[in-house]
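Everything numeric here is computed off the predicted structure, so don't read it as measured data.
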Amino acid sequence: MIAFMLKYVAVVDRMNRWIGRVVMYGIFVMMGILLWSSFTKVGSDLGFDINPSLWTLEMAQFAMVAYYILGGPYSIQMGSNVRMDLLYGEWTDRRKAQVDAFTVLFLIVYLIFLLWGGWDSLMYSFQYGGERSSSVWRPYLWPIKVIMCIGIFLMLLQSISELIKDIAKIRGVTL
């Protein structure tokens, strides 16, 4: 059982580290989209024959969702999530692991419900012939819903990995 848990932690951590390192460059994609939006709006105002793009705001929102949702597991892994440091900073590593092991259970339950709702929403998109946005551009919504479900699932896997690491730390086992 311990060997399986060690393998699980290693695989999940490696996968989420790789995905997080790749996805962090998505900020440049988002910046490029917003730069293009600004360029087309200013260009049309200055009299250039450029039509302002209708797709840029919504595409930037989709890029931001992908950036945050796929970067979440990496953020959890690196410990860069927000904690209330009023008491936490003064605790021993073992006490921190005990509190983290307890609180991550709430995160796991929340992520299960979030994934369930995301899956239902994704199936709704497919079931009714391709749900589309109500904007002028009218993109299909299923691609971003797939990304959201994948990101939530990866966050759930990473949370379980963190729980295993906390339990090992409580027991004095080095992973």
Side-chain angles (χ1 to χ4, degrees), residues 7-45 48 50-85 100 103-104 106-166:
K7 185 71 173 167
Y8 175 86
V9 167
V11 168
V12 169
D13 283 2
R14 190 175 329 113
M15 177 180 58
N16 282 331
R17 185 177 305 111
W18 183 84
I19 291 170
R21 300 291 288 177
V22 170
V23 168
M24 80 173 157
Y25 294 105
I27 193 78
F28 296 114
V29 172
M30 193 169 37
M31 287 171 49
I33 293 167
L34 293 173
L35 185 63
W36 177 257
S37 174
S38 298
F39 177 73
T40 58
K41 286 178 185 164
V42 169
S44 66
D45 289 344
F48 293 107
I50 300 173
N51 290 329
S53 299
L54 299 173
W55 56 269
T56 53
L57 178 63
E58 204 159 16
M59 192 65 199
Q61 290 171 341
F62 288 167
M64 187 174 8
V65 166
Y67 176 74
Y68 280 110
I69 225 74
L70 293 174
Y74 182 64
S75 175
I76 291 172
Q77 184 184 44
M78 295 292 111
S80 57
N81 49 321
V82 177
R83 286 194 175 96
M84 177 115 173
D85 201 22
D100 288 345
T103 57
V104 80
F106 292 103
L107 177 61
I108 290 169
V109 170
Y110 173 73
L111 289 171
I112 289 169
F113 282 115
L114 198 62
L115 184 59
W116 183 10
W119 182 258
D120 282 346
S121 182
L122 177 62
M123 291 301 105
Y124 176 85
S125 283
F126 288 137
Q127 186 177 7
Y128 292 102
E131 180 184 15
R132 297 181 85 132
S133 170
S134 61
S135 70
V136 176
W137 180 40
R138 296 196 37 79
Y140 287 105
L141 293 178
W142 68 264
I144 197 63
K145 288 183 177 186
V146 167
I147 289 171
M148 288 172 59
C149 286
I150 290 170
I152 293 166
F153 181 69
L154 291 174
M155 211 171 305
L156 180 61
L157 294 179
Q158 187 63 46
S159 297
I160 294 168
S161 173
E162 295 302 312
L163 177 63
I164 292 169
K165 288 187 267 187
D166 288 335

For [X] and [Y], which heavy atoms make the closest approach, and how far apart are they?
X   : Y    : value
P73 : G151 : CG-O, 4.1 Å
A60 : L34  : CB-CD2, 3.6 Å
I19 : L70  : CG2-O, 4.0 Å

Report the distance from atom [atom1] of [X] to atom [atom2] of [Y], rounding to the nearest 0.5 Å.
X    : Y    : atom1 : atom2 : result
L114 : C149 : CG    : SG    : 8.5 Å
M59  : M64  : CE    : CE    : 12.5 Å
I147 : Y67  : CD1   : OH    : 15.0 Å
L163 : T103 : CG    : OG1   : 9.5 Å
T56  : F39  : OG1   : CZ    : 13.0 Å
Q77  : M15  : CD    : CE    : 10.0 Å

Is it the case that atom [atom1] in [X] sees more than 12 heavy atoms from other parts of the structure closer than 6.0 Å?
X    : atom1 : value
W55  : CH2   : yes
Y68  : OH    : no
W137 : CH2   : yes
R21  : CZ    : no

Can you check whether Y110 and F106 have ring centres sitting under 6.0 Å from each other? no
Does the [X] side chain pair with the main chain of [Y], one donor and one acceptor, at a distance under 3.5 Å?
X    : Y    : value
S161 : L157 : no
R132 : R138 : yes
S125 : E131 : no
S159 : M155 : yes

Any donor-acceptor pair under 3.5 Å linking the side-chain atoms of Q158 with those of N16? yes
Would a 4.5 Å heavy-atom cut-off, applied to side chains only, mark [X] and [Y] as touching?
X    : Y    : value
F62  : P139 : yes
Y8   : I164 : yes
L115 : L111 : no
D100 : E162 : no
L107 : I76  : yes

Would you please classify the geometry between the W116 ring and the F113 ring as parallel, tilted or perpendicular, with 30° and 60° separating the classes? parallel
